[in-house]
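Report on one structure; see the data block that follows.
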Amino acid sequence: MSEYLDQLYQSSALSGLNADYVEELYERFLTDPASVNPDWRSYFQSLRNGAGTEVPHRPVLARIGEMSRQQRKLASASGSDLTADQQARQTGVLKLINAYRIRGHLVADVDPLDLSVEHEVPDLELGFHGLSEADLESEFDSGPLIGPKRRKLREIIDLLKATYTRTIGAEYMHITDLVQRRWMQHRLEGTGGQFAFSAEKKTRILERLTAAEGMERYLHTQYVGQKRFSLEGGDALMPMLDSIVHRAGGAGAKEVVIGMAHRGRLNVLVNLVGKPPKELFEAFEGKDAVADPTYSGDVKYHLGFSSDLNTRGGRVHLALGFNPSHLEIIDPVVVGSVRARQVARGDNGVAEVVPILIHGDAAFAGQGVVMELLNMSQARGYEVGGTVHIIINNQVGFTTNNPRDARSTLYCTDVAKMVQAPILHVNGDDPEAVVYCAQVALDFRNTFAKDVVIDLVCYRRHGHNEADEPAATQPLMYKNIRSRPSPRQTYASSLLGQSVVKQEFVDGLGENYRTRLSAGKVVAPDIIPHGEVTQFTFDWRPYLKGQWDEAVTTGMPIERLNDIAKRLNQVPDSIKLQARVAKVYADRQKMAAGEQSVDWGFAETLAYAAILDEGYSLRLSGQDCGRGTFFHRHAVLHDQNDGHTQIPLKRFGGDPGQAVIIDSLLSEEAVMGFEYGYSSTDPRTLVIWEAQFGDFCNGAQVVIDQFISSGESKWGRLCGLVLFLPHGYEGQGPEHSSARLERFLQLCAVENMQVCVPTTPAQMFHMLRRQVLRPFRKPLVVMTPKSMLRHKLSVSTMEVLANGSFQLVIPDRLSKNPFTVNRVVLCSGKVYYDLREAHEKGELDNVAVMRVEQLYPFPREQVKAELAKFPNAKDVVWCQEEPMNQGAWFQIRHHLMACIGDKRDLHYAGRARSPAPACGQYPLHVAQQNALVKRALMANLDPSLHPQE
């Protein structure tokens with residue numbers, strides 16, 4: 001390759017500025033080999049295949065660039081045929097071209113209201129570059145500009161203005177990848193603002209605009225004053241989505257998954273996804289209510305829907321995700337769902353499943369989860385081959401917000417530059433430009449597997465909702481808006497002027513749409529019946545009717561367990577482990593042989609191995625989850641010589657890809673949302689999100705509140721996501737002690753999820769197996785151990801793993817005679833071992849201690865049965881490490897009262913009420929811990945001595 005380029009450099013083809021020309025030809029060849037001269041095509045093909053294998057293109061471009069620099073130095077040293085003035089003006093032309101590419105968007109006509117601040121951009125003026133109007137008829141080398149290499153300056157400027165300053169403002173010069181930049185230049189400059197759509201395509205655009213406007217006007221007149229968050233003003237979204245979906249289908253996509261907030265959702269539901277209008281009308285009329293206390297339902301502009309539609313490439317499954325009012329939180333959920341769908345499709349997944357996210361302008365700039373998700377877009381384990389982002393930029397942040405108060409950046413899209421995504425600002429009143437941007441965006445995503453952003457600059461014809469009066473706070477804007485024709489009217493007039501359609505046709509479109517809409521039947525085009533179940537269909541039917549108390553075997557023959565342990569513990573000679581990790585694996589081999597007790601890390605990974613061995617998949621993500629925050633898991637092995645990694649769990653199951661363990665980026669909200677989306681899509685994958693410390697989950701509280709705890713009740717969406725939240729009081733201070741158990745218990749109702757606090761490795765093993773093997777899917781929140789991971793008493797045996805099951809309540813194992821017990825202490829978690837040590841030291845045969853391992857659904861019957869074993873026990877104590885206003889006490893007290901009956905008294909032993917979860921001084925922590933243990937086991941329980949009860 002190098003010899004060829006040297007020869008190329010010496011040839012006359014590189015005289016003058018033509019090194020740029022060669023570079024441009026080569027990039028054009030990469031995009032479309034047929035677009036270059038056959039001789040050049042032959043040359044470039046020999047470059048790529050000369051060694052028998054394809055040569056990466058970037059080294060070629062780098063070599064061409066180096067040649068270009070060397071050539072310019074030679075030209076400068078030896079003189080040139082151009083005079084100094086001509087050289088200066090030629091340089092000025094090239095700088096002018098670059099200025100339009102970089103800053104043309106600042107003067108582009110992208111605001112349909114023409115209210116944007118006008119920018120002074122002096123470097124787009126001729127004089128800034130040493131040029132004048134006298135040069136307009138002179139010919140110059142147009143350098144890297146797409147098209148003829150010599151043109152009049154007037155022609156160059158006309159192309160630049162048509163490309164960069166009309167109704168599309170493009171930002172892509174911030175992209176460092178030369179190939180991607182040149183691809184954008186080819187697409188934009190090659191068109192030069194002339195989209196050349198066929199009459200059929202233009203008619204389709206008009207039809208989609210008619211549907212968008214027709215539905216909003218119908219709802220506005222039929223359901224006066226009801227909220228619907230109208231799309232009016234942003235109508236061009238509908239032809240944009242129509243174009244993307246059909247173009248995606250033509251490119252081989254089989255699924256398109258959309259996430260969006262409420263603005264325009266009803267329009268998308270009916271006019272794109274194919275929800276029958278009758279169902280929407282019933283929601284407006286209140287006829288969709290369900291008399292079921294377990295099903296709350298949700299407002300109509302939060303609901304999702306799915307359908308199949310026919311494209312030129314075949315059937316495409318289209319899904320719109322359910323969404324709460326928390327703007328942008330749907331984004332990671334949709335992308336997580338897309339990832340699950342892509343994984344199911346294997347190597348073709350990225351091409352066959354396309355994500356589209358629709359944002360608001362203020363939310364895209366203002367909600368941190370957007371930045372988190374962009375940061376994930378190219379991260380291992382989270383990438384989905386690029387997302388098409390569409391911003392409905394109605395230029396009003398929310399109810400009354402002015403854009404200058406909504407952000408500190410020039411554009412609402414600027415955050416996307418962090419991942420070097422190209423950004424296309426487009427005037428929403430130019431639907432052809434909008435559709436063209438849609439085509440470019442999808443093609444860029446499909447070509448480079450990267451995110452791309454379309455900023456649909458439009459307006460909002462009504463207020464935030466239809467009951468608002470926006471003119472109260474935006475008088476000038478709404479004076480402008482109310483004098484404007486709709487996008488449909490504007491475009492129809494344009495097509496009439498072009499003689500593409502006749503007035504009768506325009507009128508007929510509206511009348512026909514309204515007739516079909518009024519009939520309540522599907523009005524979205526190309527909708528077809530759902531296809532048959534395929535190997536890529538996630539079958540949720542086996543999980544719809546399972547019951548909590550349905551028996552499931554989580555153990556297995558000891559021989560099989562031993563075989564799994566043997567395979568899991570093998571460390572190949574090809575990897576050199578760090579000394580401490582090597583000891584962990586040596587100890588695990590002893591555990592498998594029965595020479596040592598089984599610890600938490602081994603029991604947990606054995607559960608994963610057994611699950612994988614039975615054909616299920618595993619996805620574990622979180623900060624430090626491969627190693628484990630507390631150096632206990634070591635599911636990912638790191639070679640100490642060259643750094644390569646191995647995951648022993650990949651030895652199980654039919655495909656190594658069934659085991660995915662990802663150390664996530666430093667994000668909670670987006671990552672947890674992603675894992676929820678994955679888990680709510682694929683029921684046969686055990687999906688676990690692990691917090692570094694349990695209280696870090698509060699950064700993702702919106703995901704917990706709006707999806708995990710209530711998604712089934714609101715939308716009927718099942719999910720088996722597991723949250724691992726390290727929890728326990730060891731004197732580490734307010735921020736590393738509590739996983740906020742009380743918050744999860746407060747969210748529990750009508751058996752919506754599980755909250756467990758296992759206290760032995762065997763309990764962890766059986767709990768995880770139960771989560772997968774039971775024929776239903778509910779979220780599982782686990783208060784996982786910290787110091788208990790290495791507690792000498794918190795261990796199990798291989799026999800208990802093989803023959804046991806998950807115990808909702810672990811009976812008392814400390815008292816000797818149940819008839820001498822006069823006090824029963826109930827607890828959960830690590831405090832049990834503090835109680836046990838004090839019990840054994842004090843020889844307290846009158847006290848029984850039992851563990852409640854599942855706090856929700858609360859095991860009343862099991863607790864009652866255990867309490868019945870102690871007929872003389874008059875006092876029942878709930879002992880917890882957390883302050884009284886936190887932890888489980890207030891959330892389970894009614895359950896405990898129901899269990900103890902009328903002949904026993906219920907007492908509390910724990911820390912006093914506190915705003916913070918724990919104290920910050922270790923000596924104080926120790927004193928508090930000793931006091932609560934003493935109170936639980938030995939203190940006088942006279943209520944008058946403890947008014948805090």
Side-chain angles (χ1 to χ4, degrees), residues 329 331-344 349 355 369 372-384 601 604-605 607-609 611-612 616-638 645-650 652-653 656-704 707-708 719-726 739 764 768 771-772 777 779-782 784:
I329 194 58
D331 301 350
V333 175
V334 161
V335 177
S337 175
V338 167
R339 175 78 181 191
R341 298 165 192 259
Q342 290 178 347
V343 168
V369 70
E372 292 184 18
L373 185 63
L374 288 169
N375 197 27
M376 293 165 64
S377 64
Q378 297 294 312
R380 184 171 57 94
Y382 303 99
E383 73 273 22
V384 291
E604 180 192 340
T605 49
Y608 299 148
I611 288 166
L612 291 164
Y616 296 93
S617 298
L618 167 71
R619 180 181 171 87
L620 170 62
S621 82
Q623 298 149 19
D624 295 336
C625 72
R627 183 201 72 175
T629 299
F630 309 102
F631 209 79
H632 71 288
R633 183 174 291 123
H634 300 291
V636 181
L637 304 180
H638 297 259
T645 61
Q646 289 191 18
I647 300 178
L649 286 168
K650 288 186 176 292
F652 299 88
Q658 287 177 236
V660 175
I661 300 173
I662 297 293
D663 289 330
S664 75
L665 64 162
L666 197 63
S667 159
E668 288 81 35
E669 184 176 11
V671 175
M672 189 189 292
F674 185 101
E675 304 305 345
Y676 171 85
Y678 198 110
S679 180
S680 63
T681 300
D682 181 2
R684 290 188 58 82
T685 294
L686 175 62
V687 182
I688 303 171
W689 179 81
E690 181 173 54
Q692 196 172 44
F693 283 90
D695 52 328
F696 289 0
C697 74
N698 58 17
Q701 194 66 44
V702 63
V703 181
I704 297 166
F707 291 97
I708 294 174
C719 167
L721 178 64
V722 180
L723 302 184
F724 275 3
L725 309 177
M764 175 69 87
L768 291 172
Q771 179 70 2
V772 172
R777 293 291 177 260
L780 169 62
V781 180
V782 187
T784 54

Item to complete: Please confirm whether the backbone N or O of Ala670 pairs with a side-chain atom of Glu372, one donor and one acceptor, at under 3.5 Å?
Response: yes
Discussion item. Distance check, rounded to the nearest 0.5 Å: Gln342 atom CD versus Glu383 atom CD?
Written reply: 8.5 Å
Worksheet entry | Atom of Met376, atom of Phe674 and distance for their closest heavy-atom approach | CE-CD1, 3.7 Å
Discussion item. Less than 4.5 Å apart, side chain to side chain, heavy atoms only: is that true for Thr645 and Ile647?
Written reply: no
Worksheet, complete the sentence: d(Ile611 CD1, Leu686 CG) to nearest 0.5 Å is 5.0 Å
Worksheet item: Just how far is it from atom CZ of Phe724 to atom CD of Glu604, taken to the nearest 0.5 Å?
Response: 5.0 Å
Worksheet item: Side-chain contact, heavy-atom cut-off 4.5 Å: Tyr382 with Val335?
Response: no
Worksheet item: Closest approach of Thr605 and Leu649, non-hydrogen atoms and distance?
Response: O-CD2, 3.7 Å
Discussion item. Which heavy atom of Met672 sits nearest to which heavy atom of Ala700, and what is that distance?
Written reply: CE-CB, 3.6 Å
Discussion item. Treating Ser337 as the side-chain partner and Val333 as the backbone partner, does any N or O pair qualify as donor plus acceptor under 3.5 Å?
Written reply: no
Practice prompt. Give the ring-plane orientation class for His632 versus Phe630, where under 30° counts as parallel, over 60° as perpendicular and anything between as tilted.
Written response: tilted
Discussion item. Determine whether a donor-acceptor pair (N or O, by modelled atom type, separation under 3.5 Å) exists between the side chain of Ser679 and the backbone of Glu675.
Written reply: no
Worksheet entry | Aromatic plane relationship, Tyr676 with Phe707 - under 30° parallel, 30 to 60° tilted, over 60° perpendicular | tilted
Worksheet item: Arg777 side chain to Val772 main-chain N or O, any donor-acceptor pair under 3.5 Å?
Response: yes
Practice prompt. Please determine which of Asp663, Ile661, Leu620 meets the side chain to side chain contact (heavy atoms under 4.5 Å, CB included) test together with Val636.
Written response: Ile661
Worksheet item: Rounded to the nearest 0.5 Å, how far apart are CG of Leu721 and OG1 of Thr685?
Response: 12.0 Å
Fill in: Sub-4.5 Å side-chain heavy-atom contact between Thr629 and Pro726
no
Worksheet item: What residue among Val782, Leu618, Leu780, Leu723 forms side chain to side chain contact (heavy atoms under 4.5 Å, CB included) with Ile688?
Response: Leu618
Practice prompt. Take Tyr608 and Tyr616 through the ring pair (Phe, Tyr, Trp, His ring centres under 6.0 Å) test and state the conclusion after the steps.
Written response: CA-CA 9 Å; Tyr608 299 148; Tyr616 296 93; over 10 Å; no
Discussion item. Would you say that Glu690 contacts Asp624 through its side chain, given a criterion of any heavy-atom pair below 4.5 Å between the two side chains?
Written reply: no
Discussion item. Check whether Arg380 reaches the backbone of Ile662 with its side chain - one donor and one acceptor, N or O, closer than 3.5 Å.
Written reply: no
Practice prompt. Determine yes or no for a side-chain-to-main-chain donor-acceptor pair under 3.5 angstrom, with Arg339 supplying the side chain and Val334 the backbone.
Written response: no
Item to complete: Please report the shortest heavy-atom distance between Pro648 and Leu637, naming the atom on each side.
Response: CG-CD1, 3.8 Å
Worksheet item: Passes side-chain contact (heavy atoms from CB on, under 4.5 Å), Gln623 versus Val671? Steps please.
Response: CA-CA 10 Å; Gln623 298 149 19; Val671 175; over 6 Å; no
Item to complete: Could you tell me whether the side chain of Glu669 and the main chain of Val703 form a donor-acceptor pair under 3.5 Å?
Response: no
Discussion item. Does the structure place the NZ or CZ of Arg619 under 6.0 Å from the centre of the six-membered ring of Tyr678, at an angle of no more than 45° from the ring's axis?
Written reply: yes
Worksheet item: Heavy-atom distance under 4.5 Å between the side chains of Trp689 and Cys697, does that happen here?
Response: yes
